[in-house]
**Student:** 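Pasting in a structure now, in structure tokens, and then I'll have a few things to ask.
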Amino acid sequence: DPDCGWCASTNQCLSGTSAGPNSGSCSNWHFSYCKDQPCALYNGIGCQACIKSPFCGWCRDSDECIEGAGGSPFFGSCVGWFYGTCPTSTSHALPPRWTNKGGDPVQRN
């Protein structure tokens with residue numbers, strides 16, 4: 001929705017503008033991000049696309065984009081959690097059906 005934003009300080013979607021919420025204040029404001037799209041839409045695209053959303057993070061262990069913020073995912077757990085940045089390499093152990101190609105895991109044919 002172009003008329004709202006995500007307040008990471010309070011974990012709420014609020015109506016507002018690029019300057020901040022319409023009412024109250026928010027110290028960590030991300031305008032135009034309250035969309036009803038799951039973070040899983042970024043799976044297969046890669047970490048860089050995933051972390052642009054303020055409510056998504058990259059789980060290196062499963063190579064998935066999942067809902068979360070700051071220090072952990074909102075649901076479940078992930079040992080290799082990245083929020084706001086991506087891992088510098090994908091040298092971690094990958095399941096046999098995956099291979100490294102261009103820095104991102106790609107399924108073998």
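Quantities reported herein were computed from a predicted structural model and do not represent experimental measurements.
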**Student:** Check Gly57 against Trp81 and note the closest heavy-atom contact, atom names and distance.
**Tutor:** CA-CH2, 3.3 Å

**Student:** Tell me whether Asp61 contacts the main-chain N or O of Gly80 through its side chain, where contact means a donor paired with an acceptor under 3.5 Å.
**Tutor:** yes

**Student:** Determine, stepwise, if the pair Trp58 / Thr85 fulfils side-chain contact (heavy atoms from CB on, under 4.5 Å).
**Tutor:** CA-CA 9 Å; Trp58 189 255; Thr85 62; over 6 Å; no

**Student:** If you measure SG to SG, does Cys47 sit under 2.5 Å from Cys65?
**Tutor:** no

**Student:** Distance from Cys50 atom SG to Tyr83 atom OH, nearest 0.5 Å?
**Tutor:** 10.0 Å

**Student:** Do the non-hydrogen side-chain atoms of Pro38 and Glu67 ever get within less than 4.5 Å of each other?
**Tutor:** yes

**Student:** Tell me if a side-chain donor or acceptor on Ser9 pairs with a main-chain N or O of Asn28 at a distance below 3.5 Å.
**Tutor:** yes

**Student:** Minimum heavy-atom separation for Phe55 to Cys39, with atom names?
**Tutor:** O-SG, 3.5 Å

**Student:** Run the side-chain contact (heavy atoms from CB on, under 4.5 Å) check on Asn22 and Leu14 step by step: do they pass?
**Tutor:** CA-CA 8 Å; Asn22 288 337; Leu14 304 168; over 6 Å; no

**Student:** Give the intermediate values and the outcome of side-chain contact (heavy atoms from CB on, under 4.5 Å) for residues Cys56 and Ile66.
**Tutor:** CA-CA 5 Å; Cys56 295; Ile66 55 179; over 6 Å; no

**Student:** If every non-hydrogen atom of Cys86 is compared with every non-hydrogen atom of Ile51, which pair is closest and at what distance?
**Tutor:** SG-CD1, 3.7 Å

